[in-house]
Structure formats: C-alpha cells, structure tokens
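Below: the structure, in structure tokens.
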Amino acid sequence: MKRSPGPGRPARASCKRTASDPLVVQKDGIFRDVHMVLIPGGGILEKQLQIWCRKVTALGGSCRTLSSGPTTADVIDVATHIAAATTARLEQRMEKVELVGRAARAVAVSFKWLEECLASAAQVPVDNFLLREVGWYEHDKEGPTGSEQPGTAGGACPAPLMEHVTAKAASPGYEPLPLPTSGLSLPLNNSLSLDDSTNCPALSHPSPSNDRVQREGTACGVRAGSDGSDDEAGPCVRDALQARGARGGSREERLQEWMRTEVALRRQGRPREEGAETQDGCEASQYPEVDDESTLEGAEGDIPLDLNEHITRHLRELKDIYEALGDEWRALTYRRAVGVLERLSFRIASAEQLAGVMGVGQQVRDKVKEILGTGRLAKLDSLQSDAKLRVLRLFSSVFGVGAKTALELYSRGHRSLADLRGDPSLSRQAQLGLRYYEEIGAKMSRDDVARIHALVQAQAESICPGVSCEVTGSYRRGRIMCGDVDFLVTHPDGKSHRGLLARLHQRLTAIGFLMADLRSFDDDDQGGGALCQTYLGMCRLPGTDDHRRIDIKVYSAAVYACALVHFTGNEVFNRKVRFFALQTGFKLSEYGLFPVTKIGKRKFVDKTSLPCATERDVFAHLGLEYLEPHERNW
DNA sequence: AGGCGGTACTG
DNA sequence: CAGTACC
DNA sequence: GCCT
C-alpha cells in the first residue's frame, strides 16, 4: 500500500494487495488458556500443523510444533495440551525427545479434538479425544505394550483413534465439513461418513511430492467414439464422475481423488509424456482444417469427443441465453451440467442414468428426458423464438454492454445494432464495442498472434531491456484460433516494470499499433510499486487494416507465477483449481497463493503468499501434478 | 436460505 | 456501488 | 438451477 489510493477511487487500493483478513488474535478466544504442542507424523503434514498453530494462536492460545528446531523441554513444561495423530505417534515422539514425565500437567489429545473445537468454535470436552494421559509415562516406562486403550483393538492402523469416531456426531454445534459443492462434478454424495478424517496414515494435506497421478487411472482407452459402440468402456476415470455410494477415505483424500480425476480427464491418452513446449514457435500451418476449439495437441486426437453432443448442444444454448439475460447462476448451472455430460464415457440412453450425478439435478434431468424423447426442448424453442430475447442477446454481445444495459436499450425502443449507433447514452466502451463489433467477434490464427507478439516484445525490449513479455490466454494453451492477444509483462529485477505500461502504451500508440483504448490503466506516476496494471484495447493486425482485441498486463515479478497461472486459464480450470485450493486451506488468486485459516465460520487469509517463483511451485504447493498450458483447456 | 472464483476499471 | 470485463 |  505504498501508493495512496487516490481520492475517489478507493477500489484501487485492493489492487496492491489481496484483500485478506489479518490474523487477528482474539485474546479472549476459545483457546485462551491453552498452551499446545503438536506432534508431527501419523500422516499429518507439516503444512497442516502450521495451519492449526495459527488457528490456536488466533484464538488466544499458544502453540508450538515439535518438529522444528530444538524444542525443548520448557515448552513441554508449560504445555496444557499435547496433540498427536495417534498414541503410537505420541509415544514415539515423546521418548525420542526425552520428555517422558515432564508433561504432567498436559493432557494428550488427538488432533480430532482440535478439529472439533475449531469446527464448533468452542473448546469441547477432551474426554472422547484422550490419547493417553501424558502422566501415564511416569509410571510405566515399559511402554505401551500391555495397555491397549479400550476401543483401539488393533487393525491395520497403528493405534488409530477408533474410539473417537463417534465424537463428532455427538458434539453439539458440530457442523459437517462442507463438501465440495456445486456442479464442480465432485463425484461424491452426502452420505459419506465424516468421522474418519485422520484415522489411517497418509491423509491430511496434499503433498507436493507424492501425489503423482496414477497413470493407469488414465489408461481407459475410451478414446471416445473409437468405435461406434455405446458403452462397455470398462473402468474409466470418466465414469468416476458419476460414481455413487459410500466411499472410503478422508475428506482430504476424497478431494485429492476428485482433483486427480479432473486432472486425469485432461491427460487422457496424452500422446507424449512431456514433450514439445506449446509455448511459442509452434506453427499452426502444420495442422490444417481444424476448428476453433482445437489445440495443437487436440489436432493429434487427444480431446475426447462428446458422446452426448445431441443433448449438450441444447443445454449449451440454454446456458448462452441465461448468460445474455444476466441470470448468472442459472448459466453457471448449465455450464456445469454440460461440463459433466459432455465427458460421460457413454451415450445417455435414459435420463435415469443421471441420477446422482453431481451438478445435474431434477430439472436438468427432465430436460434430458425431453430431448431424448422428442429431440427438442420446448423451453428452448420458445426462448429462441422470442423476439425480445433475440435482441437482448444481440445487444449484450457488444463489448461494454451487459444484461442490464441491453434491457435498458431495448426499453428505449432500440431493436438493432444500427439503432444503437446514434445513442449518446452509450458508454464510451460500448461505443467502441459497436465500432469494432465484427472485428472483436473475429478470431485470428496463431501466426497472427505470433506476429503481434514479436512486435510488442521488440517495443517493450527497446523501452525496458530485459523485460519478459509473454502471450497467455488461449494462445498459450495451444489453441489454433485465438479471440484476442493477452500479454503478461514483467521484469525479472522486480522493479523495472513500474511505469512500464504507460511507456509501452505510449509507444505502441505512437507507432500506430494500438488503435483504441477499451479500458485504460491507472497511470498514476510515482511508480510506488503497484503489483499490477491492466490495459484492454484494440490493435492493428500487422499487415492488414483489421483490428483485434489486445490485453496487456504488467505485473511485478513477485506475483508473476500466480498471474501466469491465472491468465493462462482457462476459466473452468481456474474455478476448479481455486475451489480445490480453498477446500485444502489456500486461497489462490493472480496475486499469490495464501494459506487460509478457518475458525468457526470465519476465515483468515494470510497476508503473505507462499513463495511461488514458477507455475510449478503453485501446483506443487497445492499438491497437484503440474499441467502444461495445453492441458488446462478444461 | 445462502452460496456459487477472484479481481480491476468505469461512471 | 452497480455494471462489465478478464482468465 | 444445484447443493448444503
């Protein structure tokens, strides 16, 4: 926040820094008299321990993990609670640290107690979560052998917390952990038991290193449509999308599995293991006759076909209509439903087959049934033949005109784009949107983008040597045709990007390349260190008199990797990754990857991002396998 | 009933 | 603040 | 419109 936001433009303030609740310590919080020590291991990752530490501290307690550094007897001496995953873990650790007997005051609890307290925003009784009283060690140095806890009777898991599994349900104020929701096609239903979260090893947090996607999981050769046969695909990740019924695993495991499934879906039948960068020098001309949605990879047959296109095309149209009408959430629902249906491994024979598929509810099922029966959708027919709706869709296809403005224009009596041209009430943006209407709607080849890239990069370099100037968006994802050019600019020295956009804009305008500004940037001088600046405009397509959309974003090197992930997209990928991040304790934005602490209903977002120097770091922190840009066409 | 991604510019 | 846009 |  080095620059003053500037009077009258408070929104600018949030550009510098992601809005995040500071980690306020509630001195009177539920842990006010708690001094906790966390024992690592038992499948709980360091990251999770740190998150818990923050929570405890925020709620008035103190907390240390026994992992780092020379810890120490004095910490144990004052501890009131010692938390571990399992009794075995606790014993092992305490013996190693030679603290046996030093913690007479402390009570040993399982992490589930901690989770329980946090979930219910109250300090719940420890009774059901006792591991073993630490004082026990004083009297029984021989160790645990003869003394099985009631209920821990052996299983595969070392001294698991079996006796605690009922505690959550019994606890007042317990609220179920929110499952991934809403049409992100999480293949889970709600009948899962939530009480097994930390039982067996290796759950908890995603681990950067050991979460490689299983190849065989992707090996289902559906290759959709390889032969005309309807089904009989065998076990296939695509079908995991509609799996039902109770499944094992903790919430984290299920999230991981969900995300792995999503990732695997996009990697199906990848022809090469790693291979050619899709980045720059790929020549589109090698792949003639491909449609807009193709990628360089896709041209080699690696995009699964939609076996239910005859259904999804109707639903897609509904989605477009609701978007134009500004019914954001209905549109979102249809987009999600389409996203699920279009990658089913079988051709839908009956709407009943969709029972239980996440993101497809009764009303969408009814529509599927109608389409299967009649080949049509009455609702869609009536919407499409609605003259007013057609006009609204037309108007909202103009840059700068959304649902509200479209309606307003209609109510003024406008019925065509020609009617709009004279209307002085149009915003400046909308007037430009009108002027460039056809060109904004047109696409361009990768060759065109490459030429624009060369031109802009050369200018940027001459202004600011050493600058990094990358084209993101659909081009970076390997699309054959691109609707715009989307630059992400930074300077590796972390400083020289300041004020660069203004100079670049000036230069590109002076040489007749930038033709119109659709949205300008805050060119307030004094380059205090803004994290970002954004420009949207129209540029001349080199060698022609055509114009195309161009975006230029200048970001500080510190946030470049996250910005690159963000602007490479696509949107669906961003939504799902961000959702996954949130569910596993992070907030991902173009400005960084921030640990999130949830206390009761309130969330605290760390002010400092985890260090992400490259895109790979972002994926690794989240425990996700790295995806090449062309694998993010979700 | 309330949420659904996270953010930046315009007017 | 509401509207629109970006991925 | 779907999910919790």
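Computed from a predicted structure; not experimentally measured. Letters A, B, ... are given to chains in the order of the sequence lines, protein chains preceding strands, and every chain is numbered from 1.
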Separation of B/dG5 atom P from A/L582 atom CG, nearest Å, is 10 Å
Touch check for A/R632, heavy atoms < 4.0 angstrom, all strands: base, sugar-phosphate only, or nothing?
nothing
Out of D/dT4, C/dA5, D/dG1, which has the shortest distance to the side chain of A/M358?
D/dT4
Measure the distance from CD on A/E323 to P on B/dC4 and round it to the nearest whole Å.
18 Å
Nearest to the side chain of A/D551, which nucleotide is it out of B/dT7, B/dG5, C/dC7?
C/dC7
Kindly point out which of C/dC7, D/dG1, C/dA5 is positioned nearest to the side chain of A/Y322?
D/dG1
Remember a base hit wins even if backbone is also touched, and classify A/T568 as base, sugar-phosphate or nothing at under 4.0 Å, heavy atoms.
sugar-phosphate
Is the shortest side-chain N/O distance from A/R578 to OP1 or OP2 of B/dC4 below 4.0 Å?
no
Rounded to whole angstroms, how far apart are CZ on A/F594 and C1' on B/dG5?
14 Å
State whether A/K404 places a side-chain N or O below 4.0 Å from either non-bridging phosphate oxygen (OP1 or OP2) of C/dA5.
no
d(CG, A/L392; P, C/dT4) in whole Å
12 Å
Less than 6.0 angstrom from the centroid, inside 45 degrees of the normal: does A/R540 satisfy that with respect to the ring of A/F513?
no
Between C/dC6, B/dA8, D/dC2, which nucleotide gets closest to the side-chain atoms of A/Y591?
B/dA8
When you measure from the side chain of A/D551 to the backbone of A/T534, do you find a donor-acceptor pair of N or O atoms at a distance under 3.5 Å?
no
Output yes when a side-chain donor or acceptor of A/D486 lies under 3.5 Å from a complementary backbone atom of A/T472, and no otherwise.
no
What integer number of Å spans the P atoms of B/dG5 and D/dT4?
15 Å
Side chain of A/E590, heavy atoms from C-beta onward: which of D/dG1, C/dC7, B/dA8 has the nearest atom to it?
B/dA8
Gap between atoms CG and P, on A/L332 and B/dC4 respectively (whole Å):
11 Å
Does A/R336 make a side-chain N or O approach to OP1 or OP2 of B/dG5 shorter than 4.0 Å?
yes
Which nucleotide sits closest to the side chain of A/H566: B/dG11, D/dG1, C/dC6?
C/dC6
For the side chain of A/R330 and the base of D/dG1, is some donor closer than 3.5 Å to an acceptor across the two?
no
On the side chain of A/N574, is there an atom forming a donor-acceptor pair with the base of C/dC7 - under 3.5 Å, no angle test?
yes
Quick one: label A/F573 by what it contacts on the DNA or RNA (base, sugar-phosphate, nothing), any heavy atom closer than 4.0 Å.
nothing
Once you apply a heavy-atom cut-off of 4.0 Å, does A/V577 come out as touching a base, just sugar-phosphate, or nothing?
nothing
Within the structure, does a side-chain N or O atom of A/T534 lie under 4.0 Å from either OP1 or OP2 of B/dA8?
no
Does A/E408 come within less than 4.0 Å of A/K404, counting only side-chain N to carboxylate O?
no
Counting any heavy atom closer than 4.0 Å, what does A/L588 reach on the DNA or RNA strands: base, sugar-phosphate only, or nothing?
sugar-phosphate
May I ask you to verify if any side-chain N or O of A/Q363 is less than 4.0 angstrom from the OP1 or OP2 atom of D/dC2?
yes
Could you say whether A/S520 or A/T333 is positioned toward the 5' end of DNA chain B, judged by the nucleotide with the nearest heavy atom to each?
A/T333
What is the nucleic acid contact for A/E328, judged by heavy atoms within less than 4.0 Å: base, sugar-phosphate only, or nothing?
nothing
Integer angstrom distance from the P of B/dG3 to that of C/dA2:
15 Å
Nearest whole Å is fine: how far is B/dG5 C1' from A/W634 CH2?
14 Å
Which part of the nucleic acid, if any, lies within contact of A/V565, taking any heavy atom under 4.0 Å across all strands shown: a base, the sugar-phosphate backbone alone, or nothing?
nothing
Whole-Å distance between D/dC3 P and A/W329 CH2?
16 Å
Looking at residues at least two apart in the chain, or sitting in another chain, which of them share a ring pair (Phe, Tyr, Trp, His ring centres under 6.0 Å) with A/Y322?
A/Y334
May I have the distance from A/E262 (atom CD) to B/dG5 (atom C1'), rounded to whole angstrom?
15 Å
Looking at A/T405, I'd like to know whether one of its side-chain N or O atoms comes within less than 4.0 Å of OP1 or OP2 on C/dT4.
yes
Between D/dG1, C/dC7, B/dA8, which nucleotide has the shortest distance from any of its atoms to the side chain of A/R519?
B/dA8
Name the nucleic acid region contacted by A/A403, choosing base, sugar-phosphate or nothing; use a 4.0 angstrom heavy-atom cut-off, strictly under.
sugar-phosphate
Report all side-chain donor-acceptor pairs from residues 562-572 of chain A shorter than 3.5 Å, counting only partners two or more places apart or in another chain.
residue : atom : partner : partner atom : Å
A/H566  : ND1  : A/R578  : NH2          : 2.5
A/T568  : OG1  : A/R476  : NH1          : 2.8
A/T568  : OG1  : A/L564  : O            : 2.7
A/N570  : OD1  : A/V572  : N            : 3.2
A/N570  : OD1  : A/F573  : N            : 2.8
A/E571  : OE2  : A/R335  : NH1          : 3.4
A/E571  : OE2  : A/R335  : NH2          : 3.4
A/E571  : OE2  : A/R575  : NH1          : 2.4

Is there a side chain to side chain donor-acceptor pair (under 3.5 Å) between A/R365 and A/Q362? Walk through the geometry before answering.
CA-CA 5 Å; A/R365 276 202 298 278; A/Q362 188 57 56; 2.9 Å; yes
Backbone N or O of A/L627 within a donor-acceptor pair of the A/R632 side chain at under 3.5 Å?
yes
Determine the contact category for A/D484: base if any of its heavy atoms lies under 4.0 Å from a base atom, sugar-phosphate if only primed atoms, P, OP1 or OP2 are that close, otherwise nothing.
sugar-phosphate
Of the candidate nucleotides D/dT4, D/dG1, C/dC7, which contains the atom at the shortest distance from the side chain of A/D486?
C/dC7
